[in-house]
Amino acid sequence: MKIFVDTAKIEEIKQVKEWGILEGVTTNPTLLSQTGKPWKEAVLEILREIPDKPVSLEVIATDFEGMVREAQELAKLGENVVIKIPFTPEGIKAVKALTAEGIKTNVTLVFSPLQALVAGKIGATYVSPFIGRIDDISYDGLSVLEEIVHLYETYGIETEIIAASIRHVDHVRKCALLGVDIITIPFTVIKQMLYHPLTEIGLKRFLEDAKKANISIL
Ligand code: E4P
């Protein structure tokens, strides 16, 4: 399971890269608005930081022609740009057209197995089911994801599944167990994954004992 970071903040991207676990970035208009920078400046900074890993950028047009035109412009910004297109009737038309042009797509705002099936049929590069937002309406995001994984395996669909809208560490564990291709995780959750109270307690004890035993390696 590849790890993408779900953020547009360059300092978060740099930190995850330093930890050595960054395999891609997903953004959306909300995340870009949180940078406090002009959107293009924020996007170019990200593309410069990771020129060799996929970066999802979302269109804001909602009609077919507008989405295709915006996607073509965004795709010019870098070879690693992936165009996020919302799952709507116009959106799926746009994905089909962009796939034919060789532009990579990420079908976003996916909340059902059938939406994911359609995304696969039209040749999307990625599909992003939003787990947390399904939980938010008191349904079970992970069971939706499980059905998507099952359908993709059953029909040999090559579109890669990006588990999105991740809220906590246990979402990450369960997505990994379901065998999704990719998970896009907010920075705060990635940080939580790297700390464990028993590791902290264990390390403290080892260091105290090292002192007692006069261990000094260098
Ligand atoms: C996915 O690509 C989206 O950017 C993201 O995961 C949405 O998550 P949210 O529900 O936390 O906004």
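When hydrophobic clusters are built by joining Ile, Leu, Val, Met, Phe, Trp and Tyr residues whose side-chain heavy atoms come closer than 4.5 Å, directly or via intermediates, L98 is grouped together with I157. Note: the hydrophobic cluster containing L77 does not contain V82 (ILVMFWY, side chain heavy atoms under 4.5 Å, direct or indirect links). Put simply, I131 and I161 are part of the same group of oily side chains (I, L, V, M, F, W, Y) that touch within less than 4.5 Å, one to the next. The cluster map of Ile, Leu, Val, Met, Phe, Trp and Tyr, joined by side-chain heavy atoms under 4.5 Å apart, puts V5 and I185 in the same cluster. In the hydrophobic clustering of this structure, F4 does not group with V189; members are Ile, Leu, Val, Met, Phe, Trp, Tyr whose side-chain heavy atoms approach within less than 4.5 Å, directly or through other members.
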Return a table of donor-acceptor pairs under 3.5 angstrom between the side chains of residues 29-38 and protein atoms on other chains or two or more places apart.
residue : atom : partner : partner atom : Å
S33     : OG   : T30     : O            : 2.6
T35     : OG1  : L32     : O            : 2.8
T35     : OG1  : K37     : N            : 3.1
K37     : NZ   : E45     : OE1          : 2.7
K37     : NZ   : E45     : OE2          : 3.4

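The shortest heavy-atom contact between F87 and A119 is CE1-N, 4.4 Å. Of all the heavy atoms in L178 and L142, the pair that sits closest is CD1-O, 3.8 Å. Minimum interatomic distance between C175 and I183 (heavy atoms only, all atoms of both residues): CB-CD1, 3.7 Å. L47 and N80 get closest at one heavy-atom pair: CD2-OD1, 3.6 Å. Scanning both residues, P113 and I148, for their nearest heavy atoms gives CA-CG1, 3.7 Å. Across every non-hydrogen atom of A75 and I103, the tightest pair is CB-CD1, 4.1 Å.
With respect to T184, the side chain to side chain donor-acceptor pair (under 3.5 Å) criterion is satisfied by exactly one of T26, T27, N106: T26. Each of V110, I166, D135, T108 was scored for a side-chain contact (heavy atoms from CB on, under 4.5 Å) with F130, with one residue passing: T108.
With a 6.0 Å radius and a threshold of 12 heavy atoms from other residues, nucleotides or ligands, Q72 has its CD atom above the threshold.
A donor-acceptor contact shorter than 3.5 Å is absent between the side chain of E90 and the backbone of T62. The backbone N or O of A124 lies less than 3.5 Å from a partner atom in the side chain of T159, making a donor-acceptor pair. A donor-acceptor pair under 3.5 Å is formed between the side chain of Q115 and the backbone N or O of S112. Remark: side-chain polar atoms of K84 are not paired, donor with acceptor, to backbone N or O of S128 under 3.5 angstrom. The backbone N or O of R133 lies less than 3.5 Å from a partner atom in the side chain of S165, making a donor-acceptor pair. Between the side chain of E23 and the main chain of I3, a donor-acceptor pair closer than 3.5 Å is present.
Within the structure, no pair that satisfies the side chain to side chain donor-acceptor pair (under 3.5 Å) test touches residues 146-156, not counting sequence neighbours.
Between W19 and F187, the ring planes lie parallel to each other; the angle is under 30°, not in the 30° to 60° tilted range.
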